[in-house]
Each structure stands twice: as C-alpha cells, then as structure tokens.
Amino acid sequence: MNEDNLWCLKEDGYEARLHKHYEGLFTQGNGYMHMRGSFEEGCSDAPQNEEYLRFPDNVTLEKPRHPKSKQGTFIPGIVSQHPLLKEEIVNLPYVLGLEFRSGGESLDMDRCRISSYSRWLDLRDGMLHRSFLWETAEGMQLKCTYSRYLSMADTHLCIQRVELEVLSGEGPLELAATLRGDVRTNGMNHFAQVIPLAESEGMLSLETLTEEGNRIIMLSALEVSEAVDWQAGVTEVMAAQRGELALRAGDRLTVSKLTAVTTDRDREEGTVCDRAHEQLHYARELGWEQLYNRHAGSWRSKWQAADIAIKGDDAAQLSVRASLYHLIRANAEKDDRVAICAKGYAGEAYFGRYFWDTEINLLPFFLHTHPQAARNLLLFRYNTLDGARSNARKYGYRGARYAWESSLGGEEQCANWQYADHEIHITADIVYALYHYVRATGDDEFVKHYGIDILVETARYWCGRVDWNQEGTAELLGVMGPDEYLPFTRNNAFTNRMVKFSLEQTVACLDSLEEGSPDSYAAAAERLDIRPGERELFRHTAEKLRLPYDSRSEIVPQSDDFASYAEVDFAGIWTDRSRPFGHFISQERNYRSKALKQADVLELMMLFPQEFTLEQMQASYAYYEPITTHDSSLSAAVHGIVASWLGQSGAAGAFLQRVMDIDLSPEKKGAAEGIHIANCGGLWQLIVYGFAGLKSAMWSESIELEPRLPEGWEELSFTVAWRGERYQITIHPVAYEVQKLNGGNPVAGATVGGSYL
C-alpha cells in the first residue's frame with residue numbers, strides 16, 4: 001500500500017448521511033483548542049443555533065439531535081452551567097467560516113453540482129484537506145482545494161487556505177470570511193455577550209463573554225492572491241468581510257485566513273485582546289511556510305515517541321494511527337487544570353467531563369509515550385481534591401470522593417443518580433493510576449508531594465463508606481461496578497479489590513514516609529490532620545474488606561449476589577445486533593438481569609493478572625463474554641487483551657476489528673457525536689499489552705514480553721518510556737528485540753505460545 005494510505009483517513013465521495021460522522025472523525029486539535037471537521041461554508045439545512053432542552057438520559061442509548069451536522073469549537077476549561085445537566089464545555093463561536101458564491105449560487109455540497117470530491121485528514125501533521133470540482137449554475141468549472149490545521153507549535157493559531165482554479169468558463173466570484181456566534185451547546189445559549197467587529201480591511205474579530213464570565217477573542221486576517229476590495233458586514237452575532245472578483249479560464253486564486261484565539265484563562269501574560277493581536281502579527285510575519293514547518297516539526301517529535309508500526313495489516317496500521325492521533329491532539333500536555341474528556345473534545349455528547357476513562361484507559365498510553373503528560377493528568381486529580389472532599393461531605397462522609405463525572409473543580413456533575421450515587425470505584429481507580437504512574441516512571445517524589453493527600457483523603461472516605469457485618473467483615477453495599485447494567489450489587493469484585501489496593505497503598509505509603517522521610521511525614525500529618533489510630537483503621541479496613549472470590553473460585557463472581565439475577569434470553573430480546581442491547585430492554589428489567597454492559601470481572605483480571613490462575617481466567621472469560629453486550633466502547637479492547645493472553649487468537653482478532661470499527665466504520669457512524677477516546681487508549685493497550693504481551697509496569701520492574709501477533713502480522717514495532725529510559729521494541733512472529741535507544745545492547749527473545757499467566 002502507498003505509504004500515504006497508512007497515514008491518511010479518507011472520505012472518497014460525499015454522502016450527506018455520513019457528514020456528521022466525518023465531522024467527528026476529522027476533528028483537529030492541539031491540546032489548547034479543538035475543532036470538528038465541518039465544512040468551511042457550513043452545511044445546508046443544519047442550523048447551529050437551534051434551542052432546546054436536553055434532558056438527563058443514558059448517553060449510550062440517547063438519540064442525539066442534529067442528524068446532519070454539528071459544528072464544534074472547544075477550548076478545555078471554558079465551561080458553563082446547563083439548567084438540568086450541570087457543568088458542560090461550551091461550544092464556542094465558529095472560526096472556520098469561508099464562503100463562496102457565483103452568480104447568485106452559494107457553494108453548497110448538497111445543492112451544487114459537485115464532482116471528484118475527496119477529503120482526507122493527514123495524521124502525520126493533522127492537516128485536513130478537501131478537493132472537488134464545482135460547476136456553477138452559469139457554467140464555470142472551478143477546482144477547489146482546501147487545507148487547514150490548528151498549529152501544534154503555536155497553539156493559539158488556526159491556519160486555513162483555499163485554492164481555486166478556473167478550468168473553464170468565466171464569471172463573478174463573491175467570497176466571505178466569517179466568525180459566527182450563532183452557536184448553541186446542547187441547545188443552550190451560553191453567551192452573555194457577542195461583540196463582532198470588521199473595521200479594518202481584511203480583518204475581523206469576535207469577542208465573546210460567556211455566562212460564567214470567560215472572555216474569548218477570535219481575530220482573523222485575510223490574504224488573497226488577487227486584489228480584493230473588502231466590505232465589512234456585521235450582525236449582532238457575526239463578523240464578516242466580503243469581496244468580489246471576476247474570474248476567467250486559467251485563473252488561479254488563493255485565499256488564506258489566519259485566526260488567533262485567546263481567552264482569559266490562558267497562562268500567558270498580557271490582556272486577552274493584546275495577545276490575540278500579538279499572535280496574529282507573529283503569524284503574518286512568519287508566513288505560511290514557516291508556520292507550517294514549526295507545526296509539522298512538533299507533530300514529527302510526537303510521532304517519534306508514540307507511533308506503532310505494523311507490517312502485514314494495513315487496516316490495523318491506519319486504525320491505530322488514527323487512535324494515536326486523537327490521543328495526542330486531545331491532550332493539553334502543559335495544563336494540569338484539565339484532563340481529557342470522554343469524547344476527546346470532538347463533540348458535546350458527554351459535556352466535556354472527566355471519567356475513570358482517564359486513569360484506566362488513557363493513562364497507560366501517556367505513561368509510556370509522554371510521562372510528563374501522564375503526570376499532568378494525575379495533577380488534575382490532585383488539583384481537584386477539594387472538589388472530591390466536597391462530594392464526600394455531600395454524601396455524609398469524611399475524606400474525598402472523586403466524581404463519576406467530574407467538573408473542572410472536581411465536583412460531581414452526573415445528573416443520573418444511579419451512576420453518581422453508586423459508581424464509586426473511580427475513587428480507587430485514581431489511586432491505582434497514581435501507583436501505575438510511579439512504578440512506570442520512578443517518580444517517587446510525586447507520592448511524597450501530591451499522592452499522599454489523595455491517598456489519605458480517599459482512605460478516609462472508604463472507611464466511612466464500608467458497612468460492617470456481624471462477623472466483623474467490611475462490605476461495600478449498593479455498588480455499581482464497571483458493568484453499569486447492575487446498579488445495586490453487593491461487594492462488586494472489581495470495586496472491592498480496587499478499594500483494598502487503595503487502602504493497602506495508603507498504609508504502605510504512610511509507613512514508608514514516616515520511616516524514610518520523617519520531615520515529609522510530619523508535614524503531611526499536620527497538613528492532613530492525621531489523627532491517632534487512623535492508619536490502623538485504614539489497615540484494619542483493608543484486611544477485613546470482603547472479596548467475593550478466592551483461589552478456589554473457578555468463575556470469579558462479579559459480586560456476591562450476581563448468581564441471583566435473572567437469566568436473559570438474548571436471542572429473543574436482542575433481535576438486531578447492530579444496535580445496542582439497551583435499546584431492546586427496559587431499564588427496570590435490565591437492572592435485574594445477567595446482561596453486562598461491559599467488562600467487569602475481566603477488567604479486574606486485566607489490572608491484577610498475577611492474582612488469578614489460568615483456569616480462573618479461562619473460566620471467567622468463557623462465562624462472562626457471552627452475556628456481555630459490549631454496549632460500551634470500553635469493553636471490546638479488554639476482552640481482546642484477555643483473549644490474546646488466553647491464546648484465543650481468533651477471538652482476539654475479532655475484538656481487534658470491533659475496536660477499530662467503533663470510530664472508523666462509516667456504516668456505524670460511531671464518530672458522529674465525538675471520538676470514543678477511551679477506545680483509542682484501549683486499542684493501544686490491546687496492541688501493547690495484548691499482542692505484544694508487555695507486562696504492566698504496575699507489576700514488573702523491567703520490560704517483559706510474551707508476544708502473540710495476530711495472524712498475518714509480519715512485524716510490530718513501537719517505543720516505550722520505562723523508568724526514565726526509552727526503548728525500541730520490535731516483534732516478529734518467532735522472535736523479538738528490545739533496544740535501549742540511548743545506548744545499551746539489544747535484548748533478544750523468542751515469542752512463546754500458551755497463556756499469559
């Protein structure tokens with residue numbers, strides 16, 4: 001295959017029904033800001049200012065609005081309040097507006113005579129391209145070529161270019177550049193004030209003040225290869241500059257739009273407005289070529305650390321690079337005030353909130369490609385500890401209870417009580433991720449300065465949350481585990497094991513700190529008001545917390561009461577497997593049935609593989625997989641990893657295909673509401689932990705591999721950061737090599753068959 005085809009997501013031929021899917025799939029970003037892949041001229045019959053009231057619902061099963069197109073401009077950290085859904089990220093004014101009109105006909109993909117259409121996102125540099133032929137109503141034929149990117153090097157800049165070539169005919173061409181504030185977020189207008197300006201020729205700006213008081217400046221400059229007499233056009237919500245030219249056969253026209261975006265939450269010095277002007281002046285002085293070179297250079301360095309190369313499976317190669325691209329661009333690597341939202345800042349569906357996805361699905365990728373970014377993701381949890389404390393108080397507990405759906409400040413935002421009240425494992429998941437980070441990087445100082453606060457405060461919460469039975473055993477009752485289709489279980493195995501781990505690590509940390517760094521311990525004890533006997537309470541609770549399984553369990557029960565739930569006639573109920581199971585069963589019935597939304601016990605086994613025998617893993621996989629609906633995008637990758645460990649290559653390959661299809665398949669239109677960013681992290685884990693067989697840094701001091709490449713894979717190679725060093729790993733069907741990149745002799749090994757354990 002042509003190398004370009006292994007780096008480009010392509011849309012060959014325009015279909016209106018797929019437009020929204022490609023808007024999500026082609027989302028561009030640089031950590032600071034993100035824009036969905038919408039057309040510069042917009043989309044007919046798809047108003048962006050529709051106002052409505054979105055109600056709390058199961059987002060997995062909710063029928064979304066805007067079937068054709070939903071533009072999106074998102075800056076992590078710019079949020080506002082929804083009357084029912086609480087805090088949500090604000091969909092900001094539309095930056096990309098470039099419109100063309102000839103002889104009374106506006107360029108429109110749905111209404112004009114368009115041919116030779118293609119659009120592609122080049123993952124190497126994050127540039128989005130579009131090309132097509134437009135035959136105007138008056139017979140002029142124009143070849144139109146678009147390109148745009150958000151600079152990865154100069155993150156306040158959006159750079160657009162359109163090239164028009166007249167292939168035949170002649171006629172007038174009107175062009176307009178716009179900044180539009182007629183945008184709604186989940187049906188809500190979150191703009192308190194919009195101030196459009198277009199005073200200088202070829203310049204336009206839009207100042208927006210949100211309901212929460214955030215100020216955003218968008219400042220654009222236009223450059224055209226031919227002289228244009230610009231005419232300003234301003235409405236209450238839109239700034240525009242319009243011009244007109246006469247074209248004839250052979251003419252070539254280039255239109256460039258440079259836009260600087262700044263906000264009041266930026267950490268740079270200076271006023272919002274001054275910084276926008278400085279950024280735009282800098283961009284114009286630098287010029288297109290140097291702007292692009294800086295941007296492309298930044299992407300190259302990121303790909304050097306993150307790329308996974310696969311020989312023998314072009315579909316997997318493109319899919320994994322698409323996932324890595326979205327992971328890279330979704331991460332604000334220098335801003336520890338935000339994390340990565342569940343839709344990767346590519347849509348409004350999950351309101352821009354932060355879930356357990358960050359720690360369990362995304363963090364491993366960053367641990368081994370960009371450790372500083374991983375550290376910042378954990379610092380976000382440290383920075384939101386006060387919000388977690390507030391959550392605990394609201395439920396009547398001491399300590400800190402992390403939110404199932406976290407706001408910027410850490411407060412619970414989930415409007416659905418089932419998840420907000422009962423899906424409590426996230427508080428322990430964060431501690432697991434904290435230790436995963438420390439063991440992967442060797443950054444022990446992180447625990448001393450930040451982690452100790454998280455450990456102690458969450459341990460206090462757990463000691464209040466458990467119930468003690470008459471036998472003196474601690475239990476966690478009324479719990480929703482990772483399987484969200486059973487909300488009130490007793491002693492969920494995943495949750496209880498994670499909580500036990502969290503409490504054990506808290507005690508170990510306090511012991512180690514007191515012995516090895518008494519000054520640091522004394523400072524923490526004073527700061528956290530650690531009371532006499534608290535550590536022993538943590539230790540006692542960890543020792544007595546019930547696990548609903550032991551080494552004699554053949555099938556590890558999902559919870560103490562799992563066997564009492566009703567069996568499900570999947571064949572009779574789930575008559576269309578192309579749609580989620582949840583669409584075919586009432587919530588009431590689902591909540592009392594053995595139908596899993598996603599991996600639960602298998603997730604536990606993936607995170608604690610050394611604690612289970614091969615027989616337990618085989619039996620549990622055989623039992624749970626047939627009753628798992630995979631209605632969640634978090635599920636398939638976990639099942640694929642476990643299947644690979646068990647040597648079930650066919651099942652692992654099928655799950656690989658399923659993971660790849662979640663966002664990339666046009667038939668499923670999975671990216672329409674945004675990227676399933678946890679699934680992107682899951683694909684990295686499926687390849688690295690599953691097929692490469694890398695033992696988790698959580699449980700291994702050194703790099704250990706047990707590869708099982710899928711059939712047809714000739715070579716798999718990638719780099720990993722491991723405790724301050726970088727290594728190149730290259731795997732073939734019968735052998736592998738680990739090479740330290742800054743020196744050292746390669747370590748060779750042979751691939752092995754059999755199981756992971």
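- Counting only N and O atoms by type, the side chains of Glu445 and His449 include a donor and acceptor under 3.5 Å apart.
- Judged by distance alone, with hydrogens and angles left aside, the side-chain atoms of Asp561 form no donor-acceptor pair with the main-chain N or O of Ser564 at under 3.5 Å.
- A pairwise comparison of heavy atoms in Tyr689 and Ser696 identifies CE2-CA, 4.3 Å as the closest pair.
- With a 4.5 Å cut-off on side-chain heavy atoms, Thr384 and Tyr354 do not count as touching.
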Worksheet item: So Thr629 and Leu596, side chain to side chain contact (heavy atoms under 4.5 Å, CB included) or not? Walk me through it.
Response: CA-CA 6 Å; Thr629 65; Leu596 282 64; over 6 Å; no
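- Note: Phe581 and Trp574 meet the aromatic proximity criterion, with ring centroids under 6.0 Å apart.
- Within the 4.5 Å cutoff, no side-chain heavy atoms of Glu611 are placed close to those of Ser551.
- Salt bridge present: Arg539 and Asp511 bring a charged side-chain N and a carboxylate O closer than 4.0 Å.
- The aromatic rings of Tyr450 and Tyr382 sit perpendicular to each other, their planes meeting at more than 60°, with 30° as the lower class boundary.
- Gln618 has its side chain within reach of Leu614: a pair of non-hydrogen atoms, C-beta onward, lies under 4.5 Å apart.
- At least one side-chain heavy atom of Arg375 sits under 4.5 Å from a side-chain heavy atom of Phe446.
- A side-chain donor-acceptor contact under 3.5 Å links Glu411 and Ser407.
- Closest approach of Phe74 to Tyr345, counting heavy atoms only: CD1-O, 3.6 Å.
- Distance check: Tyr521 OH to Leu510 CG gives 6.0 Å after rounding to the nearest 0.5 Å.
- You'll find the ring centres of Trp468 and His540 inside the 6.0 Å limit.
- A distance of 8.0 Å separates CD in Gln587 from CG in Asn416, rounded to the nearest 0.5 Å.
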Worksheet item: Does the pair Ile340 and Leu377 meet the rule for a side chain to side chain contact (heavy atoms under 4.5 Å, CB included), with working shown?
Response: CA-CA 8 Å; Ile340 299 174; Leu377 291 173; 4.2 Å; yes
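- Side chain of Glu412 to main chain of Cys414: a donor-acceptor pair is present (N/O by atom type, distance under 3.5 Å, no hydrogens or angles).
- Closest heavy-atom contact between Tyr461 and Ala392: CD1-CB, 4.5 Å.
- Ser559 has its side chain out of reach of Leu486: every pair of non-hydrogen atoms, C-beta onward, lies at least 4.5 Å apart.
- In the model, Asn391 has no side-chain atom that pairs as donor or acceptor with a side-chain atom of Tyr397 under 3.5 Å.
- Ion pairing of Glu87 with Arg353 is absent here, as no side-chain N (NZ or NE/NH1/NH2) approaches a carboxylate O to less than 4.0 Å.
- Between His639 and Phe655, the distance separating the two ring centers is shorter than 6.0 angstrom.
- Arg460 and Asp529 get closest at one heavy-atom pair: NH2-O, 3.0 Å.
- Distance check, rounded to the nearest 0.5 Å: CD1 of Ile430 to CG of Leu455 gives 11.5 Å.
- Checked for salt-bridge contact, Glu534 and Arg531 miss the test: no charged N lies under 4.0 Å from a carboxylate O.
- Side chain to side chain, Ser632 and Gln598 meet the donor-acceptor criterion of an N or O pair below 3.5 Å.
- Ion pairing of Arg389 with Asp386 is present here, as a side-chain N (NZ or NE/NH1/NH2) and a carboxylate O approach within less than 4.0 Å.
- Using a 4.0 Å cut-off between charged nitrogen and carboxylate oxygen, Arg54 and Glu62 count as a salt-bridge pair.
- Between the side chains of Asn186 and Glu88, at least one donor N or O lies within less than 3.5 Å of an accepting N or O.
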Item to complete: Apply the test side chain to side chain donor-acceptor pair (under 3.5 Å) to residues Gln558 and Asn492: give CA-CA distance (whole Å), side-chain angles for both, the deciding distance (0.1 Å), then the verdict.
Response: CA-CA 6 Å; Gln558 184 169 305; Asn492 171 259; 5.8 Å; no
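- With 3.5 Å as the limit, one finds a donor-acceptor pair spanning the side chains of Tyr437 and Asp443.
- A side-chain donor-acceptor contact under 3.5 Å links Ser80 and His190.
- The two atoms that bring Trp684 and Pro364 nearest to each other are CH2-O, 3.6 Å, heavy atoms only.
- In this structure, Leu327 and Leu362 have side chains that are in contact, with non-hydrogen atoms separated by less than 4.5 Å.
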Discussion item. With side chain to side chain donor-acceptor pair (under 3.5 Å) as the criterion, how do Tyr395 and Asp421 come out once you've worked through the C-alpha distance, each side chain's angles and the decisive distance to 0.1 Å?
Written reply: CA-CA 9 Å; Tyr395 280 92; Asp421 289 355; 2.6 Å; yes
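- Using the six-membered ring where Trp is involved, Trp356 and Phe494 have ring planes that are perpendicular, over 60° apart on the 30 and 60° scheme.
- Electrostatic pairing of Asp57 and Lys63 does not count as a salt bridge here, judged by no charged N lying under 4.0 Å from a carboxylate O.
- Counting heavy atoms from C-beta outward, Asn91 and Lys70 have side chains that approach closer than 4.5 Å.
- Of the possible donor and acceptor atoms, one in the side chain of Gln685 sits under 3.5 Å from a partner among the backbone N and O of Asn361.
- Few gaps surround NZ on Lys86; more than 12 heavy atoms of other groups in view lie less than 6.0 Å from it.
- For the atom pair Leu476 CG and Thr489 OG1, the distance stands at 9.5 Å (nearest 0.5 Å).
- Between the side chains of His630 and Ser635, at least one donor-acceptor pair of N or O atoms lies under 3.5 Å.
- The CD atom of Glu359 sits 6.0 Å away from atom CD1 of Ile426, with the distance rounded to the nearest 0.5 Å.
- Counting heavy atoms from C-beta on, the side chains of Leu634 and Asp357 come closer than 4.5 Å.
- Judged by distance alone, with hydrogens and angles left aside, the side-chain atoms of Asn679 form no donor-acceptor pair with the main-chain N or O of Gly682 at under 3.5 Å.
- Arg65 forms a cation-pi arrangement with Tyr52, by the criterion of a distance under 6.0 Å to the ring centre and an angle within 45° of the ring axis.
- Defined by atom type and a distance below 3.5 Å, a donor-acceptor pair is present between the side-chain atoms of Asp631 and Tyr485.
- A ring-centre distance under 6.0 Å is found for Phe608 and Tyr432.
- Enclosure of atom CZ in Arg589 is not indicated, since only 12 or fewer non-hydrogen atoms of other residues, nucleotides or ligands lie within 6.0 angstrom.
- Looking only at distances, a side-chain donor or acceptor of His82 sits under 3.5 Å from a matching main-chain atom of Leu84.
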Worksheet item: Going through the checks in order, is the side chain to side chain contact (heavy atoms under 4.5 Å, CB included) test met by Tyr621 and Gln616?
Response: CA-CA 8 Å; Tyr621 178 88; Gln616 284 178 310; over 6 Å; no
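- A salt bridge does not link Lys343 with Glu673: none of the charged nitrogens is closer than 4.0 Å to a carboxylate oxygen.
- With rounding to the nearest 0.5 Å, the separation of OH in Tyr402 from CG in Asp429 is 12.0 Å.
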Item to complete: Begin from the C-alpha positions of Gln81 and Glu211 and carry the test side chain to side chain contact (heavy atoms under 4.5 Å, CB included) through to its verdict.
Response: CA-CA 8 Å; Gln81 291 293 319; Glu211 293 172 317; 5.7 Å; no
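- Taking the centre of each ring, Phe562 and Tyr624 come in below the 6.0 Å mark.
- Here the shortest heavy-atom pairing between Leu434 and Gly451 reads CD1-CA, 3.6 Å.
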